[in-house]
Amino acid sequence: MKIRTFLAAILTMVPCVGQPAITLKVLNEARLDDQILSRTKNGTAAMLARAGVSLVWFDCAAGVGDWKSQDPCQHDGGRVDFRLHVTTYKPPLTTRDMLGYADVGGAAGVYYPLVAELARDCHVDPAQILAAAIVHEVGHLILGANAHTQQGIMRADWGKEQFTLISAGELNFAPDQARRLQIELRRRLSEGKQRPQADELTLTVCTEGLAGFHAAAPALPIAASMFAAAGIRVAWRTSSKVAPRRAFSSRSGSARLRIFILALLPTLCLMRVHTSGFSTTASRPAGLH
Amino acid sequence: MPHLLAHVLVHEITHILQGVTRHSAEGVMKAQWTQEDLSSMLRKSLEFTSLDVDLIHDGMAVRDKAMVAAK
């Protein structure tokens with residue numbers, strides 16, 4: 001399994017000379033089969049190549065992080081390194097027709113059930129729609145939230161015309177946007193060479209009750225990307241065994257904290273953060289301490 | 001839900017990292033998130049202010065020194 005993961009990455013990571021390259025770490029939370037994932041990978045790479053961008057794709061496991069590991073999925077590669085969730089979970093406050101979302105901090109997601117529904121309705125290979133949706137969200141990760149255009153892959157809403165183009169393999173970035181993509185990526189790559197080593201932080205998340213590991217896991221890469229924007233690299237460790245007394249009496253290291261997610265309810269998030277000598281509780285979504 | 005939980009995690013962890021009790025007027029370290037903040041965090045994460053970033057790094061440096069001294 002690991003060999004296939006690395007081989008797949010190598011096959012798509014041969015960057016064309018002179019083209020800026022991005023890294024996409026893909027979390028297959030929708031459990032797509034290998035064939036669909038492989039066609040998606042090829043479609044995504046082809047679309048980005050037409051915009052002058054090379055793709056390095058990694059198939060990553062969701063959840064646990066360890067920056068000491070050699071697995072590239074465990075490392076933050078900087079501002080041209082993105083995480084992409086192929087998910088069956090749709091964030092609240094989003095519309096029924098929301099196909100994907102992007103957090104310009106470095107993570108994005110595509111909602112696969114809608115991809116499958118559109119593929120059935122429009123008689124298009126779901127892998128082609130998924131690849132196009134991934135490229136659209138990558139466009140946001142690079143160009144920002146206001147990157148929508150009237151034409152091309154960055155159009156905000158897709159209709160029959162876009163799905164026909166997707167099916168023909170002809171939905172692309174508008175030419176001026178492809179140039180902007182390359183300029184922005186070169187700028188980030190050049191900045192990245194000058195950036196100092198980020199501070200490192202190891203965070204252990206312990207869950208109990210309704211807050212199982214799977215409930216908490218999707219939040220961790222988002223939080224990591226927020227800290228990355230502040231120059232802090234986070235390594236997550238997780239534990240489903242809660243031992244607050246032990247942790248409460250232990251001495252925390254300077255960059256090692258334990259976080260206890262005590263309960264997760266649909267509308268109420270109750271979280272307590274413990275370290276030695278300090279605790280704080282957030283009991284309302286909009287009321288923080 | 002993941003976005004909200006991520007923001008709550010970041011907010012509370014940042015308090016510990018900064019080692020000070022303060023909130024910012026804007027961004028993830030606001031004391032009260034509005035409905036607009038909650039909606040916008042689905043599209044784009046709330047950011048740290050530059051002062052928040054400085055305080056985080058200062059706080060981590062202080063903790064590092066304290067740990068070295070304790071050894």
Side-chain angles (χ1 to χ4, degrees), chain A residues 85 87 89 91-94 98 101-107 109 140 144-145 199-201 203 205 211 215-227 229-232 234 251-255 257 259 261 264 266 269 271-275 278-282 284-289, chain B residues 1-24 26-71:
Chain A
H85 301 257
T87 179
Y89 172 83
L93 305 175
T94 52
M98 187 216 73
Y101 61 90
D103 173 341
V104 293
H140 282 303
D199 279 342
E200 286 165 349
L201 181 65
L203 298 169
V205 177
L220 305 186
I222 300 170
S225 71
M226 292 172 72
F227 277 119
I232 295 168
V234 172
R251 185 170 181 84
S252 297
S254 62
L257 303 176
I259 301 139
I261 300 174
L264 280 174
C269 178
M271 186 188 84
R272 177 161 295 170
V273 179
H274 287 298
T275 64
F278 189 91
S279 74
T280 178
T281 303
R284 291 167 295 157
L288 300 161
H289 291 245
Chain B
M1 191 67 169
H3 288 79
L4 178 58
L5 177 58
H7 281 72
V8 175
L9 282 168
V10 169
H11 182 106
E12 299 301 334
I13 293 164
T14 298
H15 276 312
I16 296 168
L17 297 178
Q18 293 182 339
V20 291
T21 305
R22 67 172 291 281
H23 288 104
S24 295
E26 294 298 329
V28 68
M29 292 311 291
K30 266 173 85 167
Q32 296 278 331
W33 291 333
T34 63
Q35 190 60 46
E36 189 181 342
D37 292 324
L38 295 172
S39 301
S40 77
M41 65 176 64
L42 294 173
R43 300 185 299 274
K44 178 181 182 298
S45 296
L46 301 183
E47 295 177 347
F48 290 109
T49 63
S50 56
L51 177 58
D52 283 325
V53 174
D54 289 344
L55 287 171
I56 289 171
H57 289 283
D58 288 351
M60 290 180 77
V62 167
R63 280 170 167 266
D64 282 342
K65 281 180 188 169
M67 287 302 292
V68 170
K71 281 179 182 172

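Throughout, protein chains are lettered first and strands after them, A, B, ... in sequence-line order, and every chain is numbered starting at 1. Just so you know, these numbers come straight off a predicted model, no measurement behind them.
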Next item on the list: Mark yes or no for whether His57(B), through its side chain, and Ala230(A), through its backbone, hold a donor-acceptor pair below 3.5 Å.
Entry: yes
Check: Which heavy atom of Ala219(A) sits nearest a heavy atom of Ala6(B), and at what distance?
Finding: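 Result for this residue pair: O-CB, 3.3 Å.
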Note to self: If I compare all heavy atoms of Tyr101(A) with all of Leu42(B), which pair ends up nearest, and what's the gap?
What the structure shows: CB-O, 4.3 Å
Check: Between atom CD1 of Ile222(A) and atom CG of Leu9(B), what is the distance when rounded to the nearest 0.5 Å?
Finding: 10.0 Å
Check: About how many Å separate CE of Met226(A) and CD1 of Ile13(B), when rounded to the nearest 0.5 Å?
Finding: 10.0 Å
Item checked: Heavy-atom check, side chain of Phe48(B) versus side chain of Ile232(A), under 4.5 Å -> no
